[in-house]
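Below: the structure, in structure tokens.
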Amino acid sequence: MSALDEGHFNAELENGVKLNCLGLGIQDQPETVAIADAVKVLLQGLGEDINREGLKKTPLRVAKALREGTKGYKQRVKEIVQGALFPEVGLDDAVGQAGGAGGLVIVRDLDLFSYCESCLLPFQVKCQIGYVPSGQRVVGLSKLSRVADVFAKRLQDPQRLADEICSALHHGIMPAGVAVVLQCLHIQFPNIESLFLDSNHQGWVKAVVHSGSGVFENELADVWGDFLSLLKFRGINLDKTQMKDSVQQCWCPSRYSSSAKVIGPPNRGMVTAVTSILSSLGEDPLRKELVGTPSRFVKWLMNFQSPNLEMKLNGVACGRMDPLKQNGQVSHNKQQIYTELCLSFWSQCEHHLLPFYGVVHIGYYCAEETTPLSKSLLQSIVHFYGFKLQVQERLTRQIAETVSSLLGGDVMVVVEAKHTCMISRGIEKYGSSTATIAVLGRFSTDPAARAMFLKNIPNPASGGS
Ligand SMILES: Nc1nc2c(ncn2[C@@H]2O[C@H](COP(=O)(O)OP(=O)(O)OP(=O)(O)O)[C@@H](O)[C@H]2O)c(=O)[nH]1
Ligand SMILES: [Zn+2]
């Protein structure tokens, strides 16, 4: 494992960005102010009004979020581990390994978030760490997680993240060996083109990587077998062949996205702004893995430029008006409730410039003789309002109002979403989701109609994503 040499470890400890000696709060620190200024350039490049109420605080929020998300550059592994190494004896007389002299220890299912160095989006990590103690001492269990987080809170790639966690723990604890397995999930945000061409868009790219030191250095060592068996016991089914196969050369979707063809070359001012953000985070924008990152981030961000989208919506909406079968129809006063459930959407939170995504359910009344709205039209409306800087409540209202303007009145919309800004940072509520409702016309006064529509919404736990 190349990252295992002592020099690398010391560099990680000593070269971190220094804590601000003026004692300024994060939002007043010059790095934060510089990032906020760069974010203003990005918003303006998107054609947004940076003085619009919803966007006024966005530059500072994004700057704080990015700095918090990369605070690992400032943290020192030595300080975390040193105070938490406890003496623990091994076996007295028997032959074998146990306790502080050779008994394998595993901490499973640590949820981490890291920032992808190729595109600057957060990626999700399920982390499994094992080590074999030696020298009659063990480390405090929470420190394994804390050390993993130091390296997750940087701009990363899965394999480097695994290697750095492994290396730092090895040098910090001096055990017989360390094993790290990471299951990583990277959001695959569709560009506008692929959304309309590919209705089966896969929302995630997965990578499983591993790293081993000492007794884990040899992938065929029996101790790997013990480690993987203990993961299987918990329903994590990995074996060595699977681990090898799943390592991807370039896992970040932005590296093979075709959005360049759709959107054209990135705006130079915006690219320069992102380059300056990398420097303010304490990174070297010339590091070879980061060289294309600013352009990739800008290309991705430009998906949310409104005019670009309006063209797309017009094309699709005009081209596909054929009615589709409805998911459900319920008679009501000579009219029917039509429902279109689980239309996928992707959007960008205007508070933190981070994705939120999920499904939209639409219900509406229309007379029996009226042709119901086609699924493709409703999906286009959803994408149209999704591909903007948004908040979920506004998205819900805008979809409801648009459907209502086509049909004249009685519309109900439910949006179910996961907000990256709630999960990957800030309050870090893994697994949380948000539902919003808009009710227009009859739906606002008739609880039975609402109930009828709501009971059709499928439970994501029984098969949805
Ligand atoms: N109502 C609403 N709030 C949102 C949406 N997306 C993000 N937010 C919230 O916007 C708020 C911004 O709050 P601030 O206190 O200004 O920013 P912050 O310090 O980054 O907030 P934290 O996320 O709590 O760390 C947070 O509470 C977010 O959860 C959305 O779609 N709708
Ligand atoms: Zn990426």
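All heavy atoms count here, side chains included; hydrogens, waters and symmetry mates do not. Remember, it's 1-based here, ligands and their atoms both numbered in the order they're listed.
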Problem set entry | Lys/Arg cation over aromatic Tyr365: Arg442, 6.0 Å, 45° cone | yes
Problem set entry | Enumerated ligand 1 atoms positioned under 4.0 Å from heavy atoms of Glu393 | 1 (N), 2 (C), 30 (C), 31 (O), 32 (N)
Exercise. Does Arg425 have a non-hydrogen atom less than 4.0 Å from ligand 1?
Worked result: yes
Exercise. For ligand 1, which part of Arg61 has a heavy atom less than 4.0 Å away: the side chain, the backbone, both, or neither?
Worked result: side chain
Seminar exercise, completed: Among His352, Lys56, His351, the residue with a heavy atom nearest to atom 20 (O) of ligand 1 is His352
Exercise. When you check the side-chain N and O atoms of Arg154 and Thr70, is any donor under 3.5 Å from an acceptor?
Worked result: no
Problem set entry | Heteroatom distance test (Lys57, ligand 1): nitrogen or oxygen, under 3.5 angstrom | no
Problem set entry | Heavy atom of the protein closest to atom 29 (O) of ligand 1 (residue, atom name, distance) | Met422 SD, 4.0 Å
Exercise. With distance as the sole criterion, is a donor-acceptor pair present between the side chains of His361 and Glu416 under 3.5 Å?
Worked result: yes
For this session: Please work out which of the three classes, parallel, tilted or perpendicular, describes the rings of Phe345 and Phe356, given edges at 30° and 60°.
Result: perpendicular
For this session: Determine whether the side chains of Ser347 and Gln390 contain a donor N or O and an acceptor N or O closer than 3.5 Å.
Result: no
For this session: Walk me through it: do Glu53 and Arg394 pass the test salt bridge (Lys or Arg N to Asp or Glu O under 4.0 Å)?
Result: CA-CA 13 Å; Glu53 194 52 45; Arg394 190 187 312 139; over 6 Å; no
For this session: Look at the rings of Phe227 and Trp224 and say which category their plane angle falls in: under 30° parallel, 30 to 60° tilted, over 60° perpendicular.
Result: perpendicular
Exercise. Any protein heavy atom under 4.0 Å from atom 15 (O) of ligand 1?
Worked result: no
Seminar exercise, completed: the protein heavy atom lying closest to atom 19 (O) of ligand 1 turns out to be Lys64 NZ, 4.0 Å
Exercise. Rounded to 10°, how big is the angle at the Zn ion (ligand 2) from Cys119 SG to Cys116 SG?
Worked result: 110°
For this session: Indicate whether any N or O donor in one side chain lies under 3.5 Å from an N or O acceptor in the other, for His210 and Glu219.
Result: yes
Problem set entry | Gln390 N/O to ligand 1 N/O under 3.5 Å | no
For this session: Identify, by atom number and element, the atoms of ligand 1 in contact range of Cys349, meaning under 4.0 Å from any of its heavy atoms.
Result: 6 (N), 7 (C)
Exercise. How are the rings of Phe123 and Trp251 set relative to one another: parallel (under 30°), tilted (30 to 60°) or perpendicular (over 60°)?
Worked result: perpendicular
Problem set entry | Closest protein heavy atom to atom 31 (O) of ligand 1, given as residue, atom name and distance to 0.1 Å | Gln392 N, 2.7 Å
For this session: May I ask whether atom 27 (O) of ligand 1 is less than 4.0 Å from at least one protein heavy atom?
Result: no
Problem set entry | atom 24 (O) of ligand 1: any protein heavy atom closer than 4.0 Å | no
Problem set entry | Protein heavy atom at shortest distance from atom 6 (N) of ligand 1 | His419 ND1, 3.4 Å
Exercise. Hey, which atoms in ligand 1 end up nearer than 4.0 Å to a heavy atom of Cys421?
Worked result: 7 (C)
Problem set entry | Residue pair Tyr73 / Glu283, side-chain donor-acceptor N/O under 3.5 Å | yes
